[in-house]
Amino acid sequence: MTEQSKSGRIGGAGTGRRRRQPARRSRKAAVLVSGALAVLVLGGTGLGYVYFKLDGNLETVDINAQLGTDRPDDVDNGSMDILVLGSDSRSGDNGAYGKDEGGARSDTAMVVHVYEGHKKASVVSIPRDTLIDRPDCTDAKGTAVAAEHRAMFNTAYEVGGPACAVKTVESMSGIRMDHYIEVDFTGFKKLIDKLGGVEVTTTTAIKDSKSHLDLEPGTHTLDGEQSLGLVRTRKSVGDGSDLGRIQLQQAFMKAFMNQVKDIGVLSNPAKLLDLADAATKAITPDSELDSVQELMGFAKGLTGISSQNVHMVTLPVEYDPRDPNRVIPLEAQSQQVWTALKKDLPIPASATKDAATGKAEGLVK
């Protein structure tokens, strides 16, 4: 007897998930999250034309095998939860964005909750500087990683890789992640360029020496390099914190989604192939999405979500009284967020009231 999980898969009784053989190990490339939801929406438009060719682009990570059964229940309520993760690794082609210090941290993390019916979604950004109780976990080589009190959230990926990052998010939220997606820095740039750029409007000048971005107020079509600079900008916007950068990333994600919807790739098979090729090279999904055919089916379930029906928030936090360069979750408000998603309900406005914001909202539209 089988049951259907909230992600719509068929699996063995008691699990709600279909077990797969261990897949190829994930590449240790730097990753960026900002366009990931739009990439998935794009994927649903027609990857089936060329999936044999594109399967060779995919590398995956087997989260289920590494985490085993010590996870939250997979609630069957028609919703779906995806952890989309970015990293600040500087290895390989990504060395242009900083010194390679031998490790990778989750530069950006978003929990994407797709509501029952798959017509709307909520996105919860988790600031990388959030101090949390990181659970013990096991890295990809089977090495045990000890739990740590007041650890920065982004160290989970650094010390234990994708599985440890997933376990940390599940520990914080009490919500089982149905899928995991990474997006590569270099692949992200190439995807934007294949798309023809992304149009944004800045309400003030943005000049940042760290991200190499220099924009005057007005409307711009950003190429891949400029797009990457925008979602990396921090010090020159708002209060200079990671919270301000998150606000830029959320604004860019919505612009990216609108751009994908507007270009009409279905009428241009050659452009569709180029975009699909770039998208599959840019992402590292979990092993339940280890073929383009599976990605296509997964992504088709997201094509009904428009940017207007995506509610984006940042996990409610405050600056740490002991270290103003770090933030700590506002426990009551954070629980409001996670409880709403568990119940497949909208996140209430009260959950983010009085939380630190970064003061960069409205700088990009």
Side-chain angles (χ1 to χ4, degrees), residues 4-9 16 33-45 72 74-85 108-126 169-170 172-181 183 198 200 246-263 265-266 279 283 285 289 295-316 333-353 355 357 361-362 364-365:
Q4 186 163 355
S5 74
K6 66 180 179 179
S7 61
R9 291 191 172 276
V33 67
S34 299
L37 185 58
V39 169
L40 299 177
V41 171
L42 168 66
T45 61
D74 190 8
V75 179
D76 181 13
N77 62 5
S79 67
M80 179 168 57
D81 294 281
I82 311 153
L83 175 60
V84 190
L85 195 68
T108 306
M110 294 181 178
V111 174
V112 180
H113 178 84
V114 181
Y115 290 92
E116 181 183 10
H118 293 197
K119 298 297 183 182
K120 59 181 181 177
S122 285
V123 178
V124 181
S125 296
I126 303 175
V169 170
E170 291 184 343
M172 294 170 62
S173 66
I175 300 171
R176 182 178 179 128
M177 296 296 108
D178 297 293
H179 292 294
Y180 170 84
I181 303 283
V183 185
V198 175
V200 301
I246 286 173
Q247 290 175 313
L248 294 186
Q249 291 171 346
Q250 292 174 343
F252 181 83
M253 176 184 278
K254 288 202 171 187
F256 190 11
M257 289 179 66
N258 288 332
Q259 189 79 6
V260 171
K261 291 285 188 180
D262 290 343
I263 61 173
V265 292
L266 282 175
I283 66 173
L289 300 173
L295 274 173
M296 181 177 66
F298 167 65
K300 279 183 177 178
L302 305 180
T303 55
I305 304 174
S306 68
S307 62
Q308 289 75 26
N309 290 324
V310 177
H311 179 214
M312 296 188 179
V313 303
T314 300
L315 183 71
Q333 289 96 315
S334 294
Q335 283 308 309
Q336 279 187 281
V337 171
W338 302 131
T339 298
L341 299 191
K342 283 182 193 177
K343 295 181 177 180
D344 201 37
L345 296 173
I347 296 171
S350 58
T352 54
K353 184 179 180 181
T357 66
E361 185 176 4
V364 173
K365 298 180 179 179

*Looking at L315 and V124, what are the two nearest heavy atoms and their distance?*
N-CG1, 4.0 Å

*Mind checking side-chain hydrogen bond (donor to acceptor under 3.5 Å, both in side chains) for S307 and listing every partner two or more places apart, or none if nothing turns up?*
N258

*Tell me, please, which residues at least two apart from Q333 pass side-chain contact (heavy atoms from CB on, under 4.5 Å).*
P316, L330, Q336

*By side-chain hydrogen bond (donor to acceptor under 3.5 Å, both in side chains), which residues pair with T314, not counting sequence neighbours?*
none

*Grab the two heavy atoms, one from R176 and one from D74, that are nearest each other, plus how far apart they are.*
CD-CB, 3.6 Å

*Compare every heavy atom of M253 with every heavy atom of M110, then report the nearest pair and how far apart it is.*
SD-CE, 3.5 Å

*asked:* Between M177 and E170, is there a side-chain heavy-atom distance shorter than 4.5 Å?
replied: yes

*With rounding to the nearest 0.5 Å, note down the distance linking CD1 in I305 to CE in M257.*
7.0 Å

_Ignoring hydrogens, what is the shortest heavy-atom contact between D81 and S79? Give both atom names and the distance._
OD2-OG, 4.4 Å

*Starting from the C-alpha separation in whole Å, work towards a yes-or-no answer on side-chain contact (heavy atoms from CB on, under 4.5 Å) for V112 and V310.*
CA-CA 9 Å; V112 180; V310 177; over 6 Å; no

Return all side-chain donor-acceptor pairs below 3.5 angstrom for residues 339-347, not counting sequence neighbours, or 'none' if the list is empty.
| unit_1 | atom_1 | unit_2 | atom_2 | d |
| --- | --- | --- | --- | --- |
| T339 | OG1 | Q335 | O | 2.7 |
| D344 | OD1 | H113 | NE2 | 2.8 |
| D344 | OD2 | E116 | N | 3.1 |

*Evaluate the side-chain contact (heavy atoms from CB on, under 4.5 Å) criterion for residues V111 and I175: first the C-alpha distance (whole Å), next the side-chain angles of each, then the deciding distance (0.1 Å), finally the verdict.*
CA-CA 10 Å; V111 174; I175 300 171; 5.9 Å; no

*asked:* I'd like to check the side-chain hydrogen bond (donor to acceptor under 3.5 Å, both in side chains) partners of S125; sequence neighbours left out, ordered by chain and number.
replied: Q250

_Measuring from atom CD1 of I283 to atom CG of L289, what distance do you get when rounded to the nearest 0.5 angstrom?_
8.0 Å

*Between NZ of K254 and CD of Q308, what distance do you get to the nearest 0.5 Å?*
7.5 Å

*asked:* Tell me the closest heavy-atom pair linking A109 and L83, and the distance in Å.
replied: CB-CD1, 4.4 Å

*asked:* If you compare all heavy atoms of V364 against all heavy atoms of A251, which two are closest, and at what distance to 0.1 Å?
replied: O-CB, 3.4 Å

*Is a side-chain N or O of D178 found less than 3.5 angstrom from the main chain of I82, in a donor-acceptor match?*
no

*Give a yes or no on whether the backbone of N309 and the side-chain of K119 come within a donor-acceptor separation of less than 3.5 Å.*
no

